[in-house]
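Taking it in order: structure first as structure tokens, then the write-up.
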Amino acid sequence: MPSTSANTVVVLDFETTGLSPNMGDRAIEIGAVKLVDGEVVDTFQELMNPGFRVSSFIEGYTGITNNMLRTASGCEGVMSRFAEFIAGFNLVAHNASFDKRFLDAELARFHAGYSGQFTCSMLIARRLIQDSPTHKLGDLVHFKGIANDGVFHRALADAEMTARLWLLMLDELDQQGIANPTFAMMQTISRTSKQALPAFFNKQRSKASL
DNA sequence: TGCCAGGCCCTCTTTAGGGCCTT
């Protein structure tokens, strides 16, 4: 059983066959990085075979082809290994409501789950990086000059960029004297409401609206 | 290419509507 640390998070990203598991869409790739006290200590990346052909749009969008998926492991085996990877850790994703739906759906297929809390880097970026014209992951990476290798829409590459964005926002909070910035950001849960937002983020929004 | 869904959030709002963001 891994040790749980308040400053440990797993940043994850799914590539999928579409937008909605409720409409029959499945995961085709999972990528993740594990951060401990701001350092990458482990990574996870696996393709998974959804059991049917993906559309040409998804092949073009992700670069993941049906030929690549033909020899990939099934979703259950991959997700079983991923469940072990995230066990006991809090989770971060960009537009987390999307990744959470697929994580929940894929794990539910074999009655698995996770105990960590999910939070959303996009919701935090909307508060902390209000001068960015958009809050798409790629646009934020370019806007903030975050290092990248030019690969987008692959799971590990997007998880790595989300992790760098997460660390950048932690630094910004730290420089502003926010105590325990990881805890502050983890309070901005994907299912949060205005009332549930930490006072700090409400202050940021109030200042921006002046 | 961009629709499918769904949660968040803003506004010309709250008995609603629509943009953003994810693949």
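Just so it is clear, the values below take in all heavy atoms, side chains as well, and ignore hydrogens, waters and symmetry mates. Numbers restart at 1 for each chain; the letters A, B, ... are given by sequence-line order, proteins then strands.
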Atom-to-atom span, [atom1] of [X] to [atom2] of [N] - whole angstrom:
{"X": "A:Leu123", "N": "B:dG7", "atom1": "CG", "atom2": "C1'", "result": "8 Å"}
{"X": "A:Ile124", "N": "B:dC9", "atom1": "CD1", "atom2": "C1'", "result": "15 Å"}
{"X": "A:Arg127", "N": "B:dC8", "atom1": "CZ", "atom2": "P", "result": "10 Å"}

For A:Asn67, all residues meeting side chain to side chain contact (heavy atoms under 4.5 Å, CB included), sequence neighbours excluded:
A:Thr65, A:Arg70
A:Ala112: side chain to side chain contact (heavy atoms under 4.5 Å, CB included) partners, not counting sequence neighbours:
A:Leu107, A:Phe110
When the [atom1] atoms of [M] and [N] are compared, how many Å lie between them, rounded to an integer?
{"N": "B:dT1", "M": "B:dG17", "atom1": "P", "answer": "32 Å"}
{"N": "B:dC12", "M": "B:dG19", "atom1": "P", "answer": "14 Å"}
{"N": "B:dC21", "M": "B:dT15", "atom1": "P", "answer": "27 Å"}
{"N": "B:dA16", "M": "B:dC4", "atom1": "C1'", "answer": "23 Å"}
{"N": "B:dG18", "M": "B:dT13", "atom1": "P", "answer": "13 Å"}

Taking ring pair (Phe, Tyr, Trp, His ring centres under 6.0 Å) as the definition, give me every residue that meets it alongside A:Phe143, ordered by chain and number, with sequence neighbours left out.
none
Those residues that, when tested against A:Phe102, pass ring pair (Phe, Tyr, Trp, His ring centres under 6.0 Å) (two or more places apart)
A:Phe98
Checking one residue: A:Met68. Which other hydrophobic residues are in its cluster under the side-chain 4.5 Å linking rule?
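Direct or chained contacts put A:Met68 with A:Ile28, A:Leu47, A:Val54, A:Phe57, A:Ile58, A:Tyr61, A:Ile64, A:Leu69.
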Polar atom pairs (N or O), protein with nucleotides 20-23 of chain B, under 3.5 Å:
unit_1 : atom_1 : unit_2   : atom_2 : d
B:dC20 : O2     : A:Arg126 : NH2    : 3.4
B:dC21 : OP1    : A:His135 : N      : 2.3
B:dC21 : O2     : A:Asn95  : ND2    : 2.7
B:dT22 : OP1    : A:Leu137 : N      : 2.7
B:dT22 : O4'    : A:Asn95  : ND2    : 2.9
B:dT23 : OP1    : A:Asp158 : OD2    : 3.4
B:dT23 : OP2    : A:Tyr61  : OH     : 3.2
B:dT23 : O3'    : A:Glu15  : OE1    : 2.6
B:dT23 : O3'    : A:Thr16  : N      : 3.1

Can you work out whether A:Ser20 or A:Ser55 has the more 5'-proximal nearest nucleotide on DNA chain B?
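With A:Ser20 and A:Ser55 compared, the 5'-side residue is A:Ser55.
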Would you check if there is a donor-acceptor pair between the side chains of A:Asp139 and A:Thr134 at a distance under 3.5 Å?
yes
